[in-house]
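Below: the structure, in structure tokens.
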Number of protein chains: 2
Amino acid sequence: MSHPPVSVPHDHGACVHEALARAQTICDARGVKLTPLRGQVLEIVWRSHKPAGAYEVLDELQKVHKAARPPTVYRALEFLEAEGLIHRIESQNAYLGCIEAGAPHSSQFLICRGCGAAEEIADRELDAAIAVAAKRARFKAERKTVEISGLCARCT
Amino acid sequence: MSHPPVSVPHDHGACVHEALARAQTICDARGVKLTPLRGQVLEIVWRSHKPAGAYEVLDELQKVHKAARPPTVYRALEFLEAEGLIHRIESQNAYLGCIEAGAPHSSQFLICRGCGAAEEIADRELDAAIAVAAKRARFKAERKTVEISGLCARCT
DNA sequence: CGGGCAACGTTACATTGTAACGCTGCTGCG
DNA sequence: CGCAGCAGCGTTACAATGTAACGTTGCCCG
Ligand SMILES: [Zn+2]
Ligand SMILES: [Zn+2]
Ligand SMILES: [Zn+2]
Ligand SMILES: [Zn+2]
């Protein structure tokens with residue numbers, strides 16, 4: 001049940017709905033709590049395929065939760081990232097919903113400077129190439145991040 | 001003339017000296033100016049194999065240049081990065097001297113959470129794997145960043 | 001010899017991220 | 001039941017990182 005490329009039009013409401021349902025299932029299975037607050041933050045992050053900054057999330061969150069403050073958001077984002085439900089896009093200090101939540105995987109993104117969208121690619125071969133490169137340097141890899149920026153098919 | 005792994009002891013003074021000389025040569029060849037200020041910033045970044053934050057650089061710079069302010073540092077860093085003399089480590093908002101200055105290449109790092117050092121690996125196969133992954137998604141890659149964090153050989 | 005530009009100075013501010021402590025409501029146990 | 005302990009969240013204040021905007025200086029070239 002893999003996600004279609006974000007650059008092709010699709011029913012994004014379904015993206016969001018499925019991501020939330022999936023997150024709920026995962027959290028239940030793990031015995032951790034996807035509280036309403038966390039769910040709202042996850043939903044906000046998922047609203048688009050463009051990475052959302054913490055303060056962008058905060059602005060949105062405050063529309064339904066006036067008391068929200070930066071720590072509120074950062075805690076929720078930290079939880080969601082720890083559970084593998086979102087990824088942090090390091091080159092943008094921003095967050096994006098994970099398309100393969102539940103399956104441990106490295107973070108690989110194609111970030112379009114034209115439309116701003118970021119597409120997660122879960123490329124096994126790339127992942128393997130990274131593992132090899134790390135091994136070659138006798139480095140114990142724990143977290144692997146790939147961020148490729150450029151132009152997506154539609155923006156070329 | 002490749003750099004030894006940073007995790008093995010080496011004459012780091014030589015690292016710095018060579019990096020500066022090389023930078024001068026490159027800038028001369030390109031007709032751009034490695035001004036004293038830029039040279040000082042480059043030297044500061046090169047002082048260790050741990051990525052240096054902009055404000056860390058600022059603190060050091062102020063020891064010899066009291067008037068320095070954030071824009072001073074950011075401009076120099078921007079110049080140095082544009083000329084490929086340093087890399088920005090996105091996951092740390094920090095900068096590190098490039099070991100292959102002059103040769104265009106993607107940014108690939110092994111970042112040790114034990115000692116804080118970051119080692120640049122100029123891995124051709126990894127670079128190729130990224131290119132393939134991007135092509136597969138019909139994405140025009142312009143900038144490729146790989147940041148692998150974990151433990152280096154000495155910290156394991 | 002002066003117009004134009006790159007580099008740098010300077011001020012002020014914007015954005016992003018955290019420390020620290022308190023409150024509350026649930027949960028598990030005597 | 002009654003309450004200790006803890007996760008989650010509220011709240012305040014601040015730290016760290018990054019930039020806009022404009023002024024000044026000195027060099028190069030016409
Ligand atoms: Zn979608
Ligand atoms: Zn993912
Ligand atoms: Zn060295
Ligand atoms: Zn490099």
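Each chain gets a letter, A, B and so on, in the order the sequences are listed, and its residues count up from 1. If you're wondering where the values come from, they're calculated on a predicted model, not measured in any experiment.
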Going 5' to 3' through nucleotides 22-28 of chain C and flagging B where a protein heavy-atom sits under 4.0 Å of the base, S where only the sugar-phosphate is that close, and - otherwise, we get -------
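Each side chain to side chain donor-acceptor pair (under 3.5 Å) pair with one or both residues in residues 114-124 of chain A, not counting sequence neighbours, appears once here: His87(A)-Glu120(A), His105(A)-Glu120(A), Asp123(A)-Arg136(B). Pairs of residues two or more places apart, or lying in two chains, that qualify as side chain to side chain donor-acceptor pair (under 3.5 Å) and include a residue from residues 26-38 of chain B are Arg30(B)-Glu83(B). Contacts classified as side chain to side chain donor-acceptor pair (under 3.5 Å) and involving residues 143-156 of chain A (residues at least two apart or in different chains) are given here: Glu81(A)-Arg143(A), Ser91(A)-Glu147(A), Asp127(A)-Lys144(A).
To the nearest angstrom, C1' of dT16(C) lies 16 Å from CD of Gln92(B). For Glu56(A) and dT15(C), the CD to P distance is 11 Å, given to the nearest whole Å. Distance Glu90(A) CD to dG17(C) P: 9 Å, rounded to the nearest Å.
In this structure, Ile86(B) and Cys98(B) have side chains that are not in contact, with every pair of non-hydrogen atoms separated by 4.5 Å or more.
More than 12 heavy atoms of other residues, nucleotides or ligands sit less than 6.0 Å from atom CD of Gln24(A). Surrounding CD of Gln62(B) are more than 12 heavy atoms belonging to other residues, nucleotides or ligands, all under 6.0 Å away.
Nearest heavy atoms, Leu34(A) versus Gly39(A): CD1-N, 4.1 Å. Minimum heavy-atom separation, Val41(A) to Leu77(A): CG1-CD2, 3.7 Å.
With a heavy-atom cut-off of 4.0 Å to chain A, the contacted part of DNA chain D has its first and last nucleotide at dG8(D) to dT12(D).
The stretch residues 58-73 of chain A touches DNA chain C through Pro70(A), Pro71(A), each having a heavy atom within less than 4.0 Å of the strand. For DNA chain C, none of the residues of residues 34-49 of chain A falls under the heavy-atom distance limit of 4.0 Å.
His12(B) and His17(B) form no side-chain donor-acceptor contact under 3.5 Å, judged by distance and modelled atom types alone.
Every side chain to side chain contact (heavy atoms under 4.5 Å, CB included) that Arg113(B) has, sequence neighbours left out, goes to Glu142(A), Leu151(B). Judged as a side chain to side chain contact (heavy atoms under 4.5 Å, CB included), and not counting sequence neighbours, the contacts of Gln92(A) are Pro51(A), Ile89(A), Ala94(A), Ile111(A).
To the nearest 0.5 Å, atom NZ of residue Lys50(A) and atom CZ of residue Arg47(A) are 15.0 Å apart.
Fit an axis to the five pairs at each end of the helix from dC1(C)-dG30(D) to dG30(C)-dC1(D) and the two axes sit 20° apart, to the nearest 10 degrees.
With side-chain heavy atoms closer than 4.5 Å counting as contact, directly or through intermediates, the hydrophobic cluster containing Ile121(B) also holds Leu110(A), Ile121(A), Leu126(A), Ile130(A), Phe139(A), Val146(A), Ile148(A), Leu110(B), Leu126(B), Ile130(B), Phe139(B), Val146(B), Ile148(B). If you chain together ILVMFWY residues whose side-chain heavy atoms come under 4.5 Å of each other, Val8(B) ends up in a group of its own.
An aromatic stacking contact between Tyr55(A) and the base of dT15(C) is absent, as defined here by ring centres under 5.5 Å apart and ring planes under 30° from parallel.
Comparing Asn93(B) and Phe79(B) against DNA chain C, the residue whose closest nucleotide sits nearer the 5' end is Phe79(B).
Side chain of Glu56(B) to backbone of Gly53(B): a donor-acceptor contact under 3.5 angstrom is found.
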